[in-house]
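Below: one structure, written as structure tokens.
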Amino acid sequence: MPSEKENMLSGKLYKSFGEELTAERQCAIELVFDFNGLRPAETIARHEIIKKLFGKTGNIFFIEPPFRCDYGYNIEIGENFYANYNCIILDCAKVMIGNNVFIGPNVSIFTAGHPIHAAIRNQELEYAFPITIGNNVWIGGNTVINPDVSLGDNSVIGSGSVVTKNIPANTIAAGNPCRVLRQITEEDRLYYFKKNPLE
């Protein structure tokens, strides 16, 4: 019979308050507490905690405290990752983040969900589906990303969005629910150089 952890990682209904998962969350909570309690100048110590906590990191990343997560080992980040204040990642399933991803303040990434029907939900059953964030993605502040969502390479998510469906590559998307507004074009690249020419 599969364990609750095996059910969690395979996208099946599971109970999160068993001994194994509770102990793993407690371990993550302790590391997160240490991370958030360090003085601002202790960047090397913070980096070492994140390397211990996450399943995979690049060499260059920066996460502003405070930060919260459930397990940590389900989070994978690429190179040049930046997360601003109050980032929350509920990583009951995999959260795979590419290179050059910038996350604004108060962004929440939720792989966890609960059954709609109360009779099932009240049995303390929940589920988790993975989230994938591609390369070169910018996520504006106060965005919520829901389970089973992918953000395509080079996409931009406007502030305050609630992402419930996949967002294709090379697009700007925003809103609640988040929807594609338009493609990102060569004109977007040239816009800033026209306004602020390089010397």
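Using a cut-off of 4.0 Å between Lys/Arg side-chain N and Asp/Glu carboxylate O, D188 and R182 are scored as salt-bridged.
Residues E124 and Y14 form no side-chain contact, since every pair of their non-hydrogen atoms from C-beta on lies 4.5 Å or further apart. Looking only at side-chain heavy atoms (C-beta outward), N146 and K165 stay at 4.5 Å or farther from each other. Looking at I63 and F54, their side chains come closer than 4.5 Å, going by heavy atoms from C-beta outward. A 4.5 Å side-chain heavy-atom check between V162 and C178 finds every atom pair outside the cut-off. Taking the side chain as every heavy atom from C-beta outward, P177 and T164 approach each other to under 4.5 Å. Counting only heavy atoms from C-beta outward, the side chains of W138 and I157 never approach each other to under 4.5 Å. In this structure the side chain of I145 reaches within 4.5 angstrom of the side chain of I139, judged on heavy atoms. Proximity of C69 to I88: side-chain heavy atoms (C-beta onward) are nowhere separated by under 4.5 Å.
With sequence neighbours excluded, the residues satisfying side chain to side chain contact (heavy atoms under 4.5 Å, CB included) with T171 are S155, I167, P168, V180, Q183. Every residue meeting the side chain to side chain donor-acceptor pair (under 3.5 Å) condition with S16, not counting sequence neighbours, appears here in chain and number order: E126. Judged as a side chain to side chain contact (heavy atoms under 4.5 Å, CB included), and not counting sequence neighbours, the contacts of P130 are A93, K94. A search for side chain to side chain donor-acceptor pair (under 3.5 Å) contacts involving E64 returns Y82, not counting sequence neighbours.
F67 and F110 fall into different hydrophobic clusters, where Ile, Leu, Val, Met, Phe, Trp and Tyr side chains are chained together by heavy-atom contacts under 4.5 Å. Residue I109 is not grouped with residue L9 when hydrophobic side chains (ILVMFWY) are merged at heavy-atom distances under 4.5 angstrom, including chains of intermediate members. Cluster annotation: Y71 and I75 are assigned to distinct hydrophobic clusters (Ile/Leu/Val/Met/Phe/Trp/Tyr, side-chain heavy-atom contacts under 4.5 Å, transitive). At a threshold of 4.5 Å between side-chain heavy atoms, the hydrophobic network of Ile, Leu, Val, Met, Phe, Trp and Tyr places L13 and F129 in one connected group.
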Below 3.5 Å, can you tabulate the donor-acceptor pairs from side chains in residues 44-53 to any protein atom, sequence neighbours excluded?
from, atom 1, to, atom 2, distance (Å)
R46, NH1, R39, O, 3.2
R46, NH1, P40, O, 3.2
H47, ND1, T43, O, 2.9
H47, NE2, F61, O, 2.6

Just list the side-chain donor-acceptor pairs under 3.5 Å for residues 95-107, sequence neighbours left out, or say none.
from, atom 1, to, atom 2, distance (Å)
N99, OD1, E79, N, 2.7
N100, OD1, N80, ND2, 2.9
N100, ND2, N136, OD1, 3.1
N106, OD1, N86, ND2, 3.0

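Around atom CZ of R121, more than 12 heavy atoms belonging to other residues, nucleotides or ligands sit under 6.0 Å away. Shown here is Y85, whose OH atom has no more than 12 heavy atoms of other residues, nucleotides or ligands within 6.0 Å. Open room surrounds CD on E19; 12 or fewer heavy atoms of other groups in view lie less than 6.0 Å from it.
Atom CD of residue E4 and atom NZ of residue K12 lie 11.5 Å apart, to the nearest 0.5 angstrom. With rounding to the nearest 0.5 angstrom, the CG atom of N122 is 10.0 Å from the CD1 atom of I120. Atom CG of D91 is separated from atom CZ of R68 by 14.0 Å, given to the nearest 0.5 angstrom. Atom CG in N7 sits 9.5 Å away from atom CG in L21 (nearest 0.5 Å). Of the inter-residue distances, the one linking L125 atom CG with H114 atom NE2 reads 11.0 Å to the nearest 0.5 angstrom. For the atom pair CZ (R25) and CD (E30), the distance works out to 13.5 Å, reported to the nearest 0.5 Å.
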Step-by-step side-chain contact (heavy atoms from CB on, under 4.5 Å) determination, L38 to N36: CA-CA 6 Å; L38 288 170; N36 290 327; over 6 Å; no

Audit row: N142, S159, side-chain contact (heavy atoms from CB on, under 4.5 Å) steps and yes/no: CA-CA 6 Å; N142 295 300; S159 298; 5.8 Å; no

Salt bridge (charged side-chain N to carboxylate O under 4.0 Å, His left out) between E24 and K5, worked out: CA-CA 10 Å; E24 290 185 345; K5 180 177 179 178; 2.8 Å; yes

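Taking every heavy atom of both residues into account, Y127 and P115 meet most closely at CE2-N, 3.9 Å. A pairwise comparison of heavy atoms in C92 and A112 identifies SG-CB, 3.9 Å as the closest pair.
Counting only distance, with no hydrogens or angles, the side chain of T111 and the backbone of L90 share a donor-acceptor pair below 3.5 Å. No donor-acceptor distance shorter than 3.5 angstrom exists from the side chain of N135 to the backbone of D153, with no hydrogens or angles considered. Remark: the backbone N or O of N166 is not paired with any side-chain donor or acceptor of S150 at under 3.5 angstrom. With hydrogens and angles disregarded, a donor-acceptor distance shorter than 3.5 Å links the side chain of Q123 to the backbone of A119.
Taking the centre of each ring, F35 and F33 stay at or above the 6.0 Å mark.
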